[in-house]
Number of protein chains: 4
Amino acid sequence: MTDRSIGHRDKRKQILDAAIRVFADHGYHRARVGDIAEDAGVAHGLLYHYFASKDDVLRTIFVENWGELIARFRAVEAADEPAQEKLVGIAKILLRTWRNNPALVTVMVREVARSQELQAQVDDVGEAFAIIQRVIEEGQATGMFRRDVDARLASWLVYGGLEEVLTGWVLGQLPDGEEDVARAESTAIEVALRGLAV
Amino acid sequence: MTDRSIGHRDKRKQILDAAIRVFADHGYHRARVGDIAEDAGVAHGLLYHYFASKDDVLRTIFVENWGELIARFRAVEAADEPAQEKLVGIAKILLRTWRNNPALVTVMVREVARSQELQAQVDDVGEAFAIIQRVIEEGQATGMFRRDVDARLASWLVYGGLEEVLTGWVLGQLPDGEEDVARAESTAIEVALRGLAV
Amino acid sequence: MTDRSIGHRDKRKQILDAAIRVFADHGYHRARVGDIAEDAGVAHGLLYHYFASKDDVLRTIFVENWGELIARFRAVEAADEPAQEKLVGIAKILLRTWRNNPALVTVMVREVARSQELQAQVDDVGEAFAIIQRVIEEGQATGMFRRDVDARLASWLVYGGLEEVLTGWVLGQLPDGEEDVARAESTAIEVALRGLAV
Amino acid sequence: MTDRSIGHRDKRKQILDAAIRVFADHGYHRARVGDIAEDAGVAHGLLYHYFASKDDVLRTIFVENWGELIARFRAVEAADEPAQEKLVGIAKILLRTWRNNPALVTVMVREVARSQELQAQVDDVGEAFAIIQRVIEEGQATGMFRRDVDARLASWLVYGGLEEVLTGWVLGQLPDGEEDVARAESTAIEVALRGLAV
DNA sequence: GATGAATGAGATTTCATTCAT
DNA sequence: AATGAATGAAATCTCATTCAT
């Protein structure tokens, strides 16, 4: 029984993981349901047992993983730290996810973050920006960040800078060794903080 | 008369412009060749007179417009101005393209940035980053920008911040009125310059 | 029940048989994939489940049936009979195929004989001539056939004469009733044997 | 004026010759009107100035050249010679045309001789067989050929043997050097004559 | 749960033919 | 006569989804 119920989860997880890899490699539209099934080592019909459609697979990837990211963002936001530190924390979360699961980041960055439909469907997308924005506003309120900068816009600038670094790694255009990632992290954080600093 | 003044080459241009509109509206994959032809007011077969495939249309849009962007970047780089001013110039070129041709920016941001193959095919892509990088290095050499920042990485951060603002406009998530764009411009520039400043 | 007894492999066979009929009726190029599917009573997409392309269907028809023909030729060649009898056997196999499956012969004669590529792809084609050639050489060795005739060339003459009779039937230019076929058989054999006889 | 009218003929001839080459290389259906025009060095639109359609080009090739062949067959038939010699003459005409224009023979053999539609359209096709048949009947009447052979069927056998040799040359499967052709000629003739001889 | 044969809407692409110049 | 841009019918092929087993 337990065996069987674990089996369920297993196959579902296998499909999801395979989808992340395949979407990352070929892009959502070029990826075929058959490719995902093959990568997962299951018959393609099984995909429809766990998911309503190919689209639903992407949506699931997004919801399950973005939700986790947001949860960690929220934890940082709620922490009792100065705004600067919070921004550092958020940048670290974003960049380090890459090391854990590059394919996942690729999919999130390439397919989800730029898709109008998905963004419209899921409220969580804007939440990431909202958290960054609130942290910046907090910094402005406590006098650590300049007030003549629109916090909303700044959140997009900051997020964009970080995402582009991820993209550079995704595309293999920026070095992504252990040290490189660490250096990128501190550089990005410093530039951002100084840019916003009073 | 009108027909004659339109001339031959122009059908090609019509198709390309239509493709930009249609790709921007529906996305590359959902856009049908027939939609492009209809929007351009020609038979769909004509598209294959000028282009090898639907994919070739996207590639052409990319190459021709990115080439133009790079040319303008180069002009800024070559100008006799301090590095700071050059960075401002580049940011202005990038952001103002939105008001000039939102559909084009939408396609470039949404479709092209997503396609590894496309980027790999064209050397010009890297050139944009290279120019920004050189400008930053120039600023570091003249003592205007901090030297403890990796110029290559910084170029990605700067470009990413700017592109994300464009993305915000594309997705309708950031206000893009005349004033908003002007404000975004100065905010982005200030944040970037302060971030890099000594 | 009936469905079950038909089984899986049979759809492939149905498609192949339908293709033979449709190719025979309209010719390969005028035949549409949809026609084949309709004749086979399946959706056209299923054709691509079993075959890579329309062309692959023709190739398969060719390979599978030519292979069978060759097998029967080989059996005759291996038999313990005088060369004359073997040549008679081969002629009978070739000509009687018409009554067994006129559509197949039509396709083989009309489409396959026309396609250089197809013939080049399959070694078996040359094998038919090679067998006839060996039988003639055997006859020459045993003194039954004249030796001043090039066996290779003679094999082409013999095969050509027989194929042309088939073509006459295919084109409806030669009578192909039961008796006609029998008469053609003996005439062809006699002419060929006398032509080669010492 | 003469220049111009020669020009007319020239272009028409160029197109026809190009068509023969292209049809021979790729087969009628795979050959594109554009290929013919390119090979002829003219714009493809011009083809429609001289011919009603692609099909008409093939028909013209057939009519103009088959007519010539038939004329020569008739001359041989009308000559004051024994039937044997006439058959020899016909075989020579058929086989030697190859040396003069292999591409033409390829088209005639591959596209025309096996096409029901063309054969139906042009009465001349059957005429070749009819002449051979009459010559054989003549030989039977004069006692040179065996009478227990159906003359009609025999004409197909003879024609088929010769055509297959041509096919062998077309496909590059039989040697077609000067000497080879001469030898093939005598072999074919001998085999055929002996086959029919009393 | 699992499989993969079967479906069929839908999209791209080809290319013979037309026709304004 | 000559050109080649323009047309659009028609055909192949793809692939997400269904469903009997």
Side-chain angles (χ1 to χ4, degrees), chain A residues 4-5 7-8 10-12 29-37 41-57, chain B residues 3-4 7-12 15 29-37 40-57, chain C residues 3-4 7-12 15 29-37 40-57, chain D residues 4-5 7-8 10-12 15 29-38 41-57:
Chain A
R4 208 180 267 172
S5 63
H8 290 187
D10 269 358
K11 290 272 169 84
R12 201 191 105 105
H29 278 103
R30 262 180 275 274
R32 285 164 298 185
V33 169
D35 293 338
I36 299 172
V42 301
H44 64 271
L46 189 57
L47 191 141
Y48 292 88
H49 189 76
Y50 292 109
F51 306 98
S53 64
K54 180 184 165 186
D55 196 75
D56 187 41
V57 174
Chain B
D3 246 35
R4 205 177 281 167
H8 280 166
R9 279 275 102 172
D10 284 325
K11 286 272 171 79
R12 198 190 108 105
I15 292 170
H29 282 100
R30 254 179 287 279
R32 283 163 301 182
V33 169
D35 294 339
I36 300 172
V42 300
H44 67 270
L46 190 59
L47 191 142
Y48 292 90
H49 190 74
Y50 291 110
F51 307 97
S53 63
K54 180 184 168 187
D55 201 72
D56 188 39
V57 174
Chain C
D3 247 35
R4 204 178 281 169
H8 281 164
R9 278 276 102 173
D10 284 325
K11 286 274 170 80
R12 198 190 110 105
I15 292 170
H29 281 100
R30 255 179 287 279
R32 284 162 300 182
V33 169
D35 293 340
I36 299 172
V42 300
H44 69 269
L46 190 58
L47 191 142
Y48 293 90
H49 190 75
Y50 291 110
F51 307 98
S53 63
K54 180 183 168 187
D55 202 72
D56 189 40
V57 175
Chain D
R4 210 182 266 172
S5 64
H8 288 189
D10 269 358
K11 290 274 170 82
R12 199 190 108 106
I15 291 170
H29 278 104
R30 262 180 275 275
R32 285 164 298 184
V33 170
D35 293 339
I36 299 172
E38 192 187 7
V42 301
H44 65 270
L46 189 59
L47 191 143
Y48 291 89
H49 189 76
Y50 293 110
F51 307 98
S53 64
K54 180 185 166 185
D55 196 76
D56 187 41
V57 174

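A, B, ... follow the sequence lines: proteins, then strands. Residue 1 opens every chain.
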For this session: Please state whether the phosphate of E/dA5, meaning OP1 or OP2, lies under 4.0 angstrom from any side-chain nitrogen or oxygen of C/Lys11.
Result: no
Under 3.5 Å, which protein N or O atoms sit close to an N or O of nucleotides 12-14 of chain F? Give each pair with its distance.
unit_1, atom_1, unit_2, atom_2, d
F/dT12, OP1, C/Lys54, NZ, 3.2
F/dT12, OP2, C/Val33, N, 3.2
F/dC13, OP2, C/Tyr48, OH, 2.9
F/dC13, OP2, C/Lys54, N, 3.1
F/dC13, N4, C/His44, NE2, 2.9

Exercise. Partners of D/Asp56 by side chain to side chain donor-acceptor pair (under 3.5 Å), sequence neighbours excluded?
Worked result: none
For this session: Send over the distance from D/Asp56 CG to E/dT18 P, rounded to a whole Å.
Result: 12 Å
For this session: Figure out the NE2/C1' separation between C/His49 and E/dG4, and round it to whole Å.
Result: 6 Å
Exercise. Given pairs defined as Watson-Crick or G-U wobble with both distances under 3.5 Å, what dot-bracket annotation applies to DNA chain E, with ( ) intrastrand, [ ] crossing, | other strand and . unpaired?
Worked result: .||||||||||||||||||||
Seminar exercise, completed: Atom CZ of B/Phe51 and atom C1' of E/dT14 are separated, to the nearest Å, by 18 Å
Exercise. Would you say A/Lys54's side chain and A/Ala31's backbone share a donor-acceptor pair under 3.5 angstrom?
Worked result: yes
Exercise. Out of E/dG1, E/dA5, F/dA1, which nucleotide sits closest to the side chain of C/Leu46?
Worked result: E/dA5
Seminar exercise, completed: Whole-Å distance, B/Ile15 CD1 to E/dT12 P, equals 14 Å
Problem set entry | Length of the CG-P vector between C/Leu47 and F/dA11, whole Å | 15 Å
Problem set entry | With sequence neighbours excluded, residues passing side chain to side chain contact (heavy atoms under 4.5 Å, CB included) with B/Arg30 | A/His29, A/Glu117, B/His26
